[in-house]
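As the structure is a computational prediction, the values presented were derived from the model and not from experiment. Order of the sequence lines fixes the chain letters, A, B, ..., with proteins taken first and strands second; residue numbering starts at 1 for each chain.
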2 protein chains.
Amino acid sequence: METATTRTAADEAWTLLRELAMAQRGVVMGIAAELGLSPPQLFTLQALKEGEPVPMSDLAGVLRCDASNVTGLVDRLAARGLVERRPAAHDRRIRHLILTDAGRQLRAAVGERLGRPPAGFDALSEAEARQLRDLLAKVADGS
Amino acid sequence: METATTRTAADEAWTLLRELAMAQRGVVMGIAAELGLSPPQLFTLQALKEGEPVPMSDLAGVLRCDASNVTGLVDRLAARGLVERRPAAHDRRIRHLILTDAGRQLRAAVGERLGRPPAGFDALSEAEARQLRDLLAKVADGS
DNA sequence: TATTGTTATACTCTATAACTATA
DNA sequence: TATAGTTATAGAGTATAACAATA
């Protein structure tokens, strides 16, 4: 009797993506440590916008955690002078978060490092990179 | 004067991959919650092998955390009857971790859910899925 | 009444340093 | 001496429930 574990090409592609993500997990931890941030602090900084103020509740949504958790995360970033709270003019329940100059600078450093494609991408030709991009765009569109 | 932010196809592909990873982060948190695990516990369970015993120190390497942290993680999994410690025969300093029946079952459930490609993959034809798999394999090889 | 954010609480995660047992 | 793992400690991350201020 045959156990027929037929793996489709999509399954195999997904496995490769998960292995890539696992490796990237280590890279992110390294970047965070290098810049003196914990991983959650790094994500929080990335979730903030360059010019535009962000309500705390939005942050909870992006980070997929409880609002009470955001309070502590922002407390610690604010204690380091990376972000400031400011009451929203139109609804004084809402606290807007704005990056300080130091916060903008650190966030940019994080973004620059995260944005660097891993070494493996150098193995692709220009045409292959375009193919990969288009296929991933199709996957993203279909979600 | 031109600011020439020339994004290569590789950069764009990498951005799409990071967006996919960000979405997947929410999926993983959902699976963990659904199965009554914290995300670190889920990763720990995945890092264990089906038949083969795993030394605690290996786990620290895979999870990229300190050995003292592994002690606590394993304590909690063991308290739930998912894993057991057993001294290695050839070197009694080493503790081998083995999954219990419940642990194997839960690990399989995690693996089954994580292994499901996201909905977006349905948008690819068979040929496209093969193309994507081959391109990702090339990237993985080049790392 | 409903919503935004905080506080109180309890637990988990995490690293550092000191320790035990074994090699 | 060196290594595998634990313990002690301290701090960060996390959710739940109760609360304050505002809408």
[X] [atom1] to [N] [atom2], straight-line distance once rounded to whole Å:
X      : N       : atom1 : atom2 : value
D75(B) : dC13(C) : CG    : P     : 11 Å
R86(B) : dG5(D)  : CZ    : P     : 15 Å
L63(A) : dG5(C)  : CG    : P     : 13 Å
F43(A) : dA12(D) : CZ    : C1'   : 15 Å
I94(B) : dT20(C) : CD1   : C1'   : 16 Å
R85(B) : dA4(D)  : CZ    : P     : 16 Å
L59(B) : dT6(D)  : CG    : P     : 11 Å
L37(A) : dG11(D) : CG    : C1'   : 16 Å

Is K138(A) salt-bridged to D141(A), cutoff N-O under 4.0 Å?
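D141(A) and K138(A): not salt-bridged.
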Give, for atom [atom1] of [X] and atom [atom2] of [Y], the distance between the pair rounded to the nearest 0.5 Å.
X       : Y       : atom1 : atom2 : result
I31(B)  : Q24(B)  : CD1   : CD    : 6.5 Å
R130(B) : T8(A)   : CZ    : OG1   : 10.5 Å
L42(A)  : R107(A) : CG    : CZ    : 10.5 Å
L37(B)  : L82(B)  : CG    : CG    : 7.0 Å
R64(A)  : M29(B)  : CZ    : CE    : 7.5 Å
L97(B)  : K49(B)  : CG    : NZ    : 12.5 Å

Classify the nucleic acid contact of S57(A) as base, sugar-phosphate or nothing, counting any heavy atom under 4.0 Å across all strands shown.
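Sugar-phosphate only.
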So, for L16(A) and A140(B), which heavy atoms are closest and what is the spacing to 0.1 Å?
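Closest heavy-atom pair between L16(A) and A140(B): CD2-CB, 4.4 Å.
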Pairs: protein N or O with nucleotides 13-15 of chain D N or O, under 3.5 Å:
unit_1: dG13(D); atom_1: OP1; unit_2: S38(A); atom_2: OG; d: 2.5
unit_1: dG13(D); atom_1: OP2; unit_2: R76(A); atom_2: NE; d: 2.3
unit_1: dG13(D); atom_1: OP2; unit_2: R76(A); atom_2: NH2; d: 2.6
unit_1: dT14(D); atom_1: OP2; unit_2: N69(A); atom_2: ND2; d: 3.1
unit_1: dT14(D); atom_1: O5'; unit_2: N69(A); atom_2: ND2; d: 3.1
unit_1: dA15(D); atom_1: OP2; unit_2: D66(A); atom_2: N; d: 2.6

Are L45(B) and L99(B) packed together at the side-chain level, in the sense that at least one heavy-atom pair is separated by less than 4.5 angstrom?
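Heavy-atom side-chain distance check passes, below 4.5 Å.
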What's touching nucleotides 21-23 of chain C from the protein side, N or O pairs under 3.5 Å?
unit_1: dA23(C); atom_1: OP1; unit_2: R92(B); atom_2: N; d: 3.0

Difference in axis direction between the ends of the helix from dT1(C)-dA23(D) to dA23(C)-dT1(D), five pairs, 10°:
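Result, rounded to 10 degrees: 10°.
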Can a side-chain donor-acceptor contact be found between S38(B) and R76(B) if the only test is distance below 3.5 angstrom?
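There is no such pair between these side chains.
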Kindly assign one of parallel, tilted or perpendicular to the pair W14(B) and F121(A), based on the angle between their ring planes and the thresholds 30° and 60°.
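The rings of W14(B) and F121(A) stand perpendicular, inter-plane angle above 60°.
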